[in-house]
Amino acid sequence: MAHSEAETPKIVHKVFTFEEGKKRRRETLSVSIPEVLDPQYGMYVWPCAAVLAQYVWTNRKQLKDKTVLEIGAGVSLPGVVAALCGAKVILSDNAQTPMCLENCRRSCDANGLGGVAVVGLTWGEVSPDLVLLPALDVILGSDVFYDPQEFESVIVTIAFLLRKNPRAQFWTTYQERSADWSIEVLLHRWKLSCVEVELETFDADKAELAGSSLPGKHSIQMMIITRKTDGVGPAGAQDQEVGRAGAQDQEVGRAGAQDQEVGRAGAQDQEVGHAGAQDQEVERAGAQDQEVERAGAQDQEVGLIGTRMET
Ligand SMILES: C[S@@+](CC[C@H](N)C(=O)[O-])C[C@H]1O[C@@H](n2cnc3c(N)ncnc32)[C@H](O)[C@@H]1O
């Protein structure tokens, strides 16, 4: 819904102050996020965003000079924190909702971030803007698993990006809303691995983060999704530690071969191009069944996700 001039949205700025260390060695970062007082999704900072931003802050050293994409960014708190910590950030939201892209731009302006690109990326669609993204190190997604009907579209987009950027990681937080929700099957289908990151490892096991009232009483979980390698375990298993506090110096690493992958976009598009292509995936049942046989290892991995996402 577009706002006419007569109904200019009311904007309030919410300040988040991230801190680490004690006394003279204390590092702080203040971020101002303009929120639009409108019931539409994406117009304000969701509880998940405070947790993901805390994770970004805790791991800021490894993000310096890395290329980071945020999907479903809304008012973009995690992406803005990454940019202020020295990452090259691209913010994205649904290409079909320009108002959400406006939220991203407004958050950049409020924090003096002139160099942050904002692009429309709709989950599950392979658009020119998606294909033409630069090589990525980290993808951020806060509260993007909130509608089960969109789960596969999100996963399809992530699978596409991780295929192009095999050593990249998807850092994502979700709110436990329903015991019936699961992404386990989708992870198998799209050959992705997942590890849960305990909130206490990055000082996020609190109701009030960065001086805000978020995440409050909401139950938020954090996970890292990577590409599964052929056979044994998750892609870049060595990189999983990257996510933990204290492992900040590890490199997330960028595959040099990413550009080559762009040339294969045609093939990728067939496979990843749209969520509606899910039925085609049934043909891959053989391959998937093989994976299920590896259930021992995988269940340990996937079970951690809480592939039960509860309210
Ligand atoms: C629950 S909000 C979370 C916003 C923000 N990440 C946060 O945590 O504060 C979900 C976000 O996903 C975006 N979104 C919804 N459907 C989408 C789609 N199909 N493609 C891309 N983005 C979408 C919305 O515009 C919104 O910004």
Side-chain angles (χ1 to χ4, degrees), residues 1-2 9 12-14 16 31-56 68-83 89-108 110-111 116 118-127 129-130 133 138-161 170-178 181 204 209-210 212-216 218-223 272-276 309 311:
M1 181 183 71
V12 292
H13 286 251
K14 189 175 271 179
F16 295 81
V31 182
S32 176
I33 297 293
E35 294 189 313
V36 183
L37 299 185
D38 185 300
Q40 185 156 339
Y41 280 167
M43 296 299 200
Y44 50 89
V45 182
W46 288 74
C48 283
V51 175
L52 187 58
Q54 173 71 19
Y55 189 77
V56 167
V68 174
L69 168 73
E70 181 168 6
I71 64 164
V75 292
S76 313
L77 175 64
V80 165
V81 171
V89 172
I90 303 155
L91 300 175
S92 74
D93 207 301
N94 196 337
Q96 264 103 57
T97 52
M99 263 168 53
C100 292
L101 300 174
E102 199 47 46
N103 290 335
C104 301
R105 289 191 196 96
R106 208 182 284 117
S107 290
C108 292
N111 293 282
V116 172
V118 176
V119 295
L121 295 182
T122 305
W123 304 327
E125 287 182 10
V126 176
S127 62
D129 278 338
L130 181 76
L133 285 171
V138 171
I139 305 157
L140 302 173
S142 155
D143 208 3
V144 294
F145 294 109
Y146 68 95
D147 176 359
Q149 293 193 332
E150 291 280 358
F151 284 3
E152 184 144 26
S153 299
V154 175
I155 292 284
V156 162
T157 294
I158 294 305
F160 178 85
L161 291 170
F170 179 40
W171 297 358
T172 183
T173 45
Y174 64 90
Q175 185 172 328
E176 293 182 329
R177 290 186 170 101
S178 167
W181 294 0
L209 293 174
S212 77
S213 57
L214 296 174
H218 300 286
S219 179
I220 310 295
Q221 304 294 336
M222 159 97 205
M223 54 188 175
V272 184
H274 48 91
M309 301 198 232
T311 317

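Each ligand, and each atom within it, is numbered from 1 in the order the structure gives. Only a predicted model underlies this, so the values are computations on that prediction, with no experimental measurement involved.
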>> Below 4.0 Å, non-hydrogen atoms only: which portion of Gln96 touches ligand 1? Side chain, backbone, both or neither.
In response: neither
>> Ring centres under 6.0 Å, that's the criterion: do Phe145 and Trp181 meet it?
In response: no
>> Any non-hydrogen side-chain atom of Tyr44 less than 4.5 Å from a side-chain atom of Leu214?
In response: no
>> I need the single residue from Ser92, Ser76, Cys104 that forms a side-chain contact (heavy atoms from CB on, under 4.5 Å) with Glu70. Which is it?
In response: Ser76
>> Measuring from non-hydrogen atoms of Leu121 to any atom of ligand 1, is the shortest distance under 4.0 Å?
In response: yes
> OG1 of Thr172 to CD1 of Ile158: how many Å apart, nearest 0.5 Å?
Replying inline: 7.5 Å
> Has Thr122 got any heavy atom lying under 4.0 angstrom from an atom of ligand 1?
Replying inline: yes
> Just wondering, do Val75 and Lys14 contact through their side chains at under 4.5 Å, heavy atoms?
Replying inline: no
> Does any N/O atom on Thr97 come nearer than 3.5 Å to any N/O atom on ligand 1?
Replying inline: no
>> Which of the numbered atoms in ligand 1 are under 4.0 angstrom from any heavy atom belonging to Tyr44?
In response: 9 (O)
> Of the options Leu140, Leu161, Leu91, which is the one that meets Leu69 in a side-chain contact (heavy atoms from CB on, under 4.5 Å)?
Replying inline: Leu161
> If you measure from each heavy atom of Cys100 to ligand 1, is any distance below 4.0 Å?
Replying inline: yes
>> Less than 4.5 Å apart, side chain to side chain, heavy atoms only: is that true for Tyr55 and Thr173?
In response: no
> Of Tyr174, Phe145, Trp123, which has the heavy atom at the shortest distance from atom 18 (C) of ligand 1?
Replying inline: Trp123
>> In the structure I gave you, are the side-chain heavy atoms of Leu77 and Val56 within less than 4.5 Å of one another anywhere?
In response: no
> Under 4.0 Å from ligand 1, counting heavy atoms only, is it the side chain of Ala73, its backbone, both or neither?
Replying inline: backbone
> If hydrogens are left out, which of Asp93, Leu52, Asn94 has an atom nearest to atom 13 (C) of ligand 1, that is, the closest non-hydrogen atom?
Replying inline: Asp93
> Where's the contact between Trp46 and ligand 1, heavy-atom distance under 4.0 Å: side chain, backbone, both or neither?
Replying inline: both
> Between Gly72, Cys48, Gly74, which one has a non-hydrogen atom sitting closest to atom 6 (N) of ligand 1?
Replying inline: Gly72
